[in-house]
A.B. asks: 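After the structure tokens below, expect a handful of questions from me.
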Amino acid sequence: MDSSARERSGPFGRMIWDYHEGDLAEQPRHRRDDGEESEAPLEWYFSGPDAWPEVEHTAFADVCGRVLDAGCGAGRTALWLQEQGYEVVGVDRSPGAVAVARDRGVENAVVGDMGDPGLFEDSFDTVLVAGQQVGVAGDRDGVRELFDAFAELTGPDGRVIADVSDPTEAPPEFREYLGDVSDGTASRTFRTVYDGDVGDPISLLMFSPDALRRIVADTPWSIETLYGVDEEGGHFYFVLEK
């Protein structure tokens with residue numbers, strides 16, 4: 001691998017690189033904006049389908065055609081999709097993560113913003129955004145803009161498959177941190193901490209199925225399917241179609 005990709009990465013990309021190389025400097029952590037810390041789920045970023053929840057398998061069955069794996073990270077889902085015979089392009093902001101994805105066998109992975117139509121010459125049939133990364137836009141307007149970008153990236157029969165957590169179904173100890181969730185939305189903000197470095201803050205929007213309906217109403221998309229909405233914890237997948 002090109003070691004410059006590691007050096008051009010923040011703490012997230014460097015921890016992915018070092019884990020892949022078996023050379024972690026320390027256990028990486030996610031630090032919330034209220035100071036609460038938790039271990040970064042490194043094993044999950046590299047996990048295979050046997051470790052995935054049933055709701056993912058169910059949602060991924062709706063993948064079709066040419067696929068953009070948006071926020072591909074170390075290639076968790078891109079590798080599986082390739083094995084199923086799909087043409088997959090992975091995109092991630094982290095040069096280190098993209099380098100690791102390529103080293104693990106992802107045939108086509110690029111560094112860039114998942115919502116940048118200028119990165120790609122050909123359209124996609126499916127945009128897959130796993131790992132709740134659809135919320136990286138930060139707020140409702142940002143998610144709408146991201147959905148609009150996905151509309152540009154896809155053909156007339158395109159679809160988006162993504163997951164998110166419903167803040168109204170969050171455990172009590174997490175609800176206290178989230179604050180007012182009466183409109184069905186909330187944000188959680190954290191930084192990756194690794195090897196003496198603290199990454200830029202990342203704010204992820206969480207939203208309920210009802211809030212998703214309101215967000216989608218101003219985009220080219222409509223909700224086709226919801227998966228997992230009755231499961232404990234509020235994590236669910238949704239499928240959007242034009």
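Keep in mind that what you see is a predicted model, and the values were worked out from it rather than measured. FYI, side chains are in, hydrogens and waters are out, and symmetry mates aren't considered; it's all heavy atoms of this structure.
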A.B. asks: Tell me the closest heavy-atom pair linking Val91 and Gly112, and the distance in Å.
C.D. replies: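 Minimum heavy-atom contact is CG2-O, 3.5 Å.
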
A.B. asks: First locate atom CG of Leu42, then atom CD of Gln27, and finally report the distance between them rounded to the nearest 0.5 Å.
C.D. replies: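 One gets 6.0 Å once the value is rounded to the nearest 0.5 Å.
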
A.B. asks: Measure across Tyr237 and Gly131 and return the closest heavy-atom pair with its distance rounded to 0.1 Å.
C.D. replies: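 Heavy-atom minimum between the residues: OH-N, 4.5 Å.
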
A.B. asks: Same cluster or not: Trp17 versus Val98, using hydrophobic residues (I, L, V, M, F, W, Y) connected whenever any side-chain heavy atoms lie under 4.5 Å apart?
C.D. replies: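 The answer is no; the residues belong to distinct hydrophobic clusters.
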
A.B. asks: Who passes side-chain hydrogen bond (donor to acceptor under 3.5 Å, both in side chains) against Glu241, sequence neighbours left out?
C.D. replies: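 Once residues adjacent in sequence are excluded, the partners of Glu241 under the side-chain hydrogen bond (donor to acceptor under 3.5 Å, both in side chains) criterion are Arg159.
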
A.B. asks: Give the C-alpha distance, both sets of side-chain angles, the deciding distance and a yes or no for side-chain contact (heavy atoms from CB on, under 4.5 Å) between Tyr227 and Asp62.
C.D. replies: CA-CA 11 Å; Tyr227 294 115; Asp62 285 344; 2.7 Å; yes

A.B. asks: Atom CZ in Phe207, atom CD1 in Ile215: separation rounded to 0.5 Å?
C.D. replies: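 Rounded to the nearest 0.5 Å, the CZ-CD1 separation comes to 5.0 Å.
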
A.B. asks: Might you work through the side-chain contact (heavy atoms from CB on, under 4.5 Å) test for Thr219 and Phe150, ending with a clear yes or no?
C.D. replies: CA-CA 10 Å; Thr219 74; Phe150 289 161; over 6 Å; no

A.B. asks: Spell out, yes or no, whether Val229 and Val164 are grouped together once hydrophobic residues are joined by side-chain heavy atoms under 4.5 Å, including indirect joins.
C.D. replies: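 Result: yes, single cluster for both.
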
A.B. asks: Less than 4.5 Å apart, side chain to side chain, heavy atoms only: is that true for Tyr194 and Arg29?
C.D. replies: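 When only atoms from C-beta onward are counted, Arg29 and Tyr194 do not touch, as no gap falls below 4.5 Å.
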
A.B. asks: Would you please name every residue forming a side-chain hydrogen bond (donor to acceptor under 3.5 Å, both in side chains) with Arg66, sequence neighbours left out?
C.D. replies: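 Residues passing side-chain hydrogen bond (donor to acceptor under 3.5 Å, both in side chains) with Arg66: Glu87.
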
A.B. asks: Looking only at heavy atoms, which two atoms of Pro28 and Met15 are closest? And how far apart?
C.D. replies: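 What the structure gives for the nearest pair is CB-SD, 3.3 Å.
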
A.B. asks: Looking at Asp195, Asp197, Thr192, which hits side chain to side chain donor-acceptor pair (under 3.5 Å) with Arg14?
C.D. replies: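 When side chain to side chain donor-acceptor pair (under 3.5 Å) is applied between Arg14 and each of Asp195, Asp197, Thr192, only Asp197 qualifies.
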
A.B. asks: Tell me whether the count of non-hydrogen atoms from other residues, nucleotides or ligands lying under 6.0 Å of CZ in Arg93 goes above 12.
C.D. replies: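 Open.
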
A.B. asks: Hey, what do you get for CD1 (Ile223) to CG (Leu240), rounding to the nearest 0.5 Å?
C.D. replies: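 Going from the CD1 atom of Ile223 to the CG atom of Leu240 covers 6.5 Å.
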
A.B. asks: Which residues pass the side-chain hydrogen bond (donor to acceptor under 3.5 Å, both in side chains) test with Asp23, not counting sequence neighbours?
C.D. replies: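 Expected list: none.
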
A.B. asks: Pair Glu21, Arg6 - check side-chain contact (heavy atoms from CB on, under 4.5 Å), show working.
C.D. replies: CA-CA 11 Å; Glu21 292 288 276; Arg6 183 188 186 280; over 6 Å; no

A.B. asks: Sort and list the pairs that fulfil side chain to side chain donor-acceptor pair (under 3.5 Å) and have at least one residue in residues 123-137, not counting sequence neighbours.
C.D. replies: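 Non-adjacent pairs meeting side chain to side chain donor-acceptor pair (under 3.5 Å): Gln132-Ser165.
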
A.B. asks: Within a strict 4.5 Å, meaning less than it, do heavy atoms of the Val136 and Leu204 side chains meet?
C.D. replies: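 Yes, side chains in contact.
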
A.B. asks: Looking at every non-hydrogen atom in both residues, tell me the closest pair between Leu146 and Val134 and how far apart they are.
C.D. replies: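 Between these two residues, the closest heavy atoms are CD2-O, 3.7 Å.
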
A.B. asks: Using the rule that Ile, Leu, Val, Met, Phe, Trp and Tyr join whenever any side-chain heavy atoms are under 4.5 Å apart, tell me whether Ile202 and Met114 fall into a single cluster.
C.D. replies: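 Hydrophobic grouping puts Ile202 with Met114.
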
A.B. asks: Check side-chain hydrogen bond (donor to acceptor under 3.5 Å, both in side chains) between Asp116 and all other residues, then give those that pass, not counting sequence neighbours.
C.D. replies: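 For Asp116 there are no side-chain hydrogen bond (donor to acceptor under 3.5 Å, both in side chains) partners, ignoring immediate neighbours.
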
A.B. asks: Would you check, one step at a time, whether the test side-chain contact (heavy atoms from CB on, under 4.5 Å) holds for Asp92 with Val111?
C.D. replies: CA-CA 5 Å; Asp92 200 284; Val111 178; over 6 Å; no

A.B. asks: Calculate, to the nearest 0.5 Å, the distance between atoms CG and CZ belonging to Asp2 and Arg8 respectively.
C.D. replies: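 Output value for this atom pair is 6.5 Å.
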
A.B. asks: Nearest 0.5 angstrom please: Ile161 CD1 to Phe238 CZ, how far?
C.D. replies: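 The distance works out to 10.5 Å.
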
A.B. asks: Name all residues meeting the side chain to side chain contact (heavy atoms under 4.5 Å, CB included) criterion together with Asp210; count only those two or more places apart in sequence or in a different chain, and write none if there are none.
C.D. replies: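 Asp210: side chain to side chain contact (heavy atoms under 4.5 Å, CB included) contacts with Ser208, Arg213, Arg214.
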
A.B. asks: Quick check: are there more than 12 heavy atoms from other residues, nucleotides or ligands sitting under 6.0 Å from CZ of Arg140?
C.D. replies: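 No.
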
A.B. asks: May I ask you to list the residues sharing a hydrophobic cluster with Val198, side-chain cutoff 4.5 Å, ordered by chain and number?
C.D. replies: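 Val193, which link up through side-chain heavy atoms under 4.5 Å apart, make up the rest of the cluster.
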
A.B. asks: Report the hydrophobic cluster partners of Leu178, with the cluster defined as I, L, V, M, F, W, Y residues connected by side-chain heavy atoms closer than 4.5 angstrom, directly or transitively.
C.D. replies: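 Members other than Leu178 - counting any ILVMFWY side chain reachable under 4.5 Å - are Phe174, Tyr177, Val181, Met206.
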
A.B. asks: Where do Phe236 and Leu226 come nearest, in terms of heavy atoms and distance?
C.D. replies: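 The pair with the smallest heavy-atom distance is CE1-CD2, 4.0 Å.
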
A.B. asks: ring-ring contact (aromatic ring centres under 6.0 Å, His included) between Phe60 and Trp52: does it pass, once the steps are laid out?
C.D. replies: CA-CA 11 Å; Phe60 291 176; Trp52 302 349; 5.7 Å; yes

A.B. asks: Can the ring centres of Tyr45 and Phe12 be said to be less than 6.0 Å apart?
C.D. replies: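 So the answer is yes for these two rings.
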
A.B. asks: I'd like to know if Phe147 and Leu128 are part of one continuous hydrophobic network [Ile/Leu/Val/Met/Phe/Trp/Tyr, side-chain heavy atoms within less than 4.5 Å].
C.D. replies: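 As far as the 4.5 Å side-chain criterion goes, Phe147 and Leu128 are not connected within one cluster.
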
A.B. asks: Any chance you could measure Asn108, atom CG, to Leu68, atom CG, to the nearest 0.5 Å?
C.D. replies: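 One gets 10.0 Å once the value is rounded to the nearest 0.5 Å.
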
A.B. asks: With sequence neighbours left out, write down each residue that passes ring-ring contact (aromatic ring centres under 6.0 Å, His included) with His30, or none if nothing qualifies.
C.D. replies: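 Expected list: Phe190.
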
A.B. asks: Flag yes if more than 12 heavy atoms outside Glu173 fall under 6.0 Å of its CD atom; otherwise flag no.
C.D. replies: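 Buried by this count: over 12 neighbours within 6.0 Å.
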
A.B. asks: Which residues pass the ring-ring contact (aromatic ring centres under 6.0 Å, His included) test with Phe46, sequence neighbours left out?
C.D. replies: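 Partners of Phe46 by the ring-ring contact (aromatic ring centres under 6.0 Å, His included) criterion, ordered by chain and then number, come out as Tyr19.
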
A.B. asks: Where do Pro117 and Leu153 come nearest, in terms of heavy atoms and distance?
C.D. replies: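 In terms of heavy atoms, the two residues are closest at CA-CD2, 3.5 Å.
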
A.B. asks: The criterion is ring-ring contact (aromatic ring centres under 6.0 Å, His included); which residues satisfy it with Phe124, sequence neighbours excluded?
C.D. replies: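 ring-ring contact (aromatic ring centres under 6.0 Å, His included) check on Phe124 returns Phe120.
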
A.B. asks: Side chains of residues 70-82: which donor-acceptor partners sit under 3.5 Å, not counting sequence neighbours?
C.D. replies:
unit_1	atom_1	unit_2	atom_2	d
Arg76	NH1	Glu56	OE1	3.0
Arg76	NH2	Glu56	OE2	3.0
Thr77	OG1	Asp69	OD1	3.2
Thr77	OG1	Asp69	OD2	2.7
Gln82	OE1	Glu107	N	2.7
Gln82	NE2	Gly105	O	3.1

